[in-house]
Number of protein chains: 2
Amino acid sequence: MGATEINNALQSNVLEDRIIDMITERLQSGEKFPTETQLAKDLGVSRTALRETLSPFEASGIIVSKQGSGRYVQLPDVSVQIVDSWRILLRAKPDMLLSFLEIRSMLEISSLGKAIERADAAQLQHMGLQVRIMKKKAARGEAFVHEDREFHKTLFISTGNIMLEQLLTAFWDLFESSPLNKQHSDLVEVADKHERMLEAFTRKDLSQLENLMNDQFADARYRIVVALNK
Amino acid sequence: MGATEINNALQSNVLEDRIIDMITERLQSGEKFPTETQLAKDLGVSRTALRETLSPFEASGIIVSKQGSGRYVQLPDVSVQIVDSWRILLRAKPDMLLSFLEIRSMLEISSLGKAIERADAAQLQHMGLQVRIMKKKAARGEAFVHEDREFHKTLFISTGNIMLEQLLTAFWDLFESSPLNKQHSDLVEVADKHERMLEAFTRKDLSQLENLMNDQFADARYRIVVALNK
DNA sequence: TACCATTTGTCCGTATGTATC
DNA sequence: AGATACATACGGACAAATGGT
């Protein structure tokens with residue numbers, strides 16, 4: 001009796017460790033996991049118990065399971081989880097959006113230096129395209145949420161830091177999910193500002209770029225504060 | 001037959017929505033969740049099914065279950081999840097630590113301005129205490145990981161941005177979990193640098209503070225690069 | 001196209017361990 | 001000490017998606 005309890009307690013740790021080892025092996029190779037039934041038999045536990053152990057790894061995104069196919073290991077993307085936990089929070093406390101904006105501005109502005117150094121021609125061209133579409137849409141009175149995001153995304157992707165990309169993607173998603181962000185601003189002015197940002201970027205004029213970006217965040221902040229007080 | 005399938009498909013969505021609503025209600029009040037058995041009966045599903053639906057919310061930390069007590073709603077802390085997904089990644093690809101360091105330096109340095117504005121006397125005093133302990137330990141040749149972390153934590157907590165606190169906590173945890181970070185540096189010099197940082201902070205000399213902090217991150221980066229090439 | 005084995009998803013009932021009050 | 005409530009485990013059944021024949 002006492003032996004089985006100890007045995008069970010040990011097994012659950014061993015089980016988790018075994019899973020972690022299997023993950024580390026497969027992170028490089030991309031090899032598939034054994035099937036549930038097989039693995040359960042190998043490790044000497046029930047399917048339910050195995051699934052419970054697997055569950056946190058699937059929640060973290062390291063293991064992805066496809067019905068009818070199997071389980072796979074991949075680079076985890078935290079943006080999904082960040083958005084999942086913080087979106088509900090944002091729904092309950094809308095003023096949190098200001099805290100998010102603060103962090104977003106810190107990351108985007110302080111990544112400009114690296115972006116200027118590392119950006120390649122294709123990325124510059126892509127940003128140029130977005131600016132042209134923005135100006136065209138602005139002239140017609142159309143919004144350009146997609147192009148705006150694409151512009152900034154190209155900017156912070158060019159830093160080459162994958163984690164940074166994941167974080168900022170999360171913040172952009174959170175912003176798009178908030179109704180407070182739907183306050184429309186002067187389209188022509190925003191499009192124009194992006195044109196000047198691109199210009200400063202091409203000239204590698206960091207301090208000018210930082211100033212423009214700072215302005216943009218100050219505007220966004222102001223619009224949110226106004227929306228909160230309504 | 002066809003009806004039950006549709007019914008099931010609908011139920012799972014409805015179920016999730018109901019849970020989200022119950023969470024938003026309780027985020028403010030802190031009220032307890034109904035018991036599993038009760039809730040399963042009310043929503044017309046099995047206990048296992050209910051637990052499956054609840055599981056992602058528990059993974060995100062919004063719902064916390066206490067054995068023998070019940071389920072509670074609380075502010076989600078993403079640092080746990082970030083650490084969970086990225087730690088395994090870091091074990092497989094140690095050079096990722098440089099990307100983490102880059103983000104950490106962006107956040108810490110660009111939060112200094114806000115910290116200088118908002119820090120109160122108690123926080124200043126706390127940092128002073130850490131510096132004194134650091135110097136004492138450095139003189140004896142002892143490491144001071146805890147005090148170092150406490151110093152920086154007080155710094156970024158004084159910005160008053162809870163989300164920022166969660167993010168930076170995650171990065172510090174990741175660093176402590178990496179063996180690459182165990183490279184010891186010149187203790188006396190590090191302690192001294194912290195003393196000068198505190199001095200600049202008290203004088204509200206932002207640019208001096210930024211310079212010192214930049215130096216510190218450059219050192220850290222250098223030590224990691226060296227450790228990677230061994 | 002249609003069929004089929006494989007694999008994961010969901011559900012059920014049940015039993016026992018264990019923490020809380 | 002006892003009632004309550006969650007944690008963990010097992011086995012079995014069927015649904016649903018996938019991939020290949």
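Just so it is clear, the values below take in all heavy atoms, side chains as well, and ignore hydrogens, waters and symmetry mates.
- The distance from atom CD of A/E16 to atom C1' of D/dT8 is 14 Å, rounded to the nearest whole Å.
- With sequence neighbours excluded, the residues satisfying ring-ring contact (aromatic ring centres under 6.0 Å, His included) with A/F151 are A/H194.
- Residues in residues 53-68 of chain B take part in these salt bridge (Lys or Arg N to Asp or Glu O under 4.0 Å) pairs, two or more places apart or across chains: B/E58-B/R71.
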Could you pull out all donor-acceptor pairs under 3.5 Å where a side-chain atom in residues 83-90 of chain A meets a protein atom, sequence neighbours excluded?
residue : atom : partner : partner atom : Å
A/S85   : OG   : A/Q81   : O            : 2.8

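- Note on residues 72-83 of chain A: no pairs pass salt bridge (Lys or Arg N to Asp or Glu O under 4.0 Å), not counting sequence neighbours.
- When each of A/Y72 and A/E52 is assigned the nucleotide of DNA chain D bearing its nearest heavy atom, the one mapping closer to the 5' terminus is A/E52.
- For A/L54 and D/dA9, the CG to P distance is 13 Å, given to the nearest whole Å.
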Can you tabulate the close N/O pairs, meaning under 3.5 Å, that link protein atoms to atoms of nucleotides 6-9 of chain C?
residue : atom : partner : partner atom : Å
C/dT7   : O2   : A/G68   : N            : 3.1
C/dT8   : OP2  : A/E36   : N            : 2.9
C/dG9   : OP1  : A/S65   : OG           : 2.6
C/dG9   : OP2  : A/R51   : NH1          : 3.0
C/dG9   : OP2  : A/R71   : NH2          : 3.3
C/dG9   : N7   : A/R47   : NH2          : 3.0

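- In terms of the salt bridge (charged side-chain N to carboxylate O under 4.0 Å, His left out) criterion, A/K153 has no residue partners (sequence neighbours excluded).
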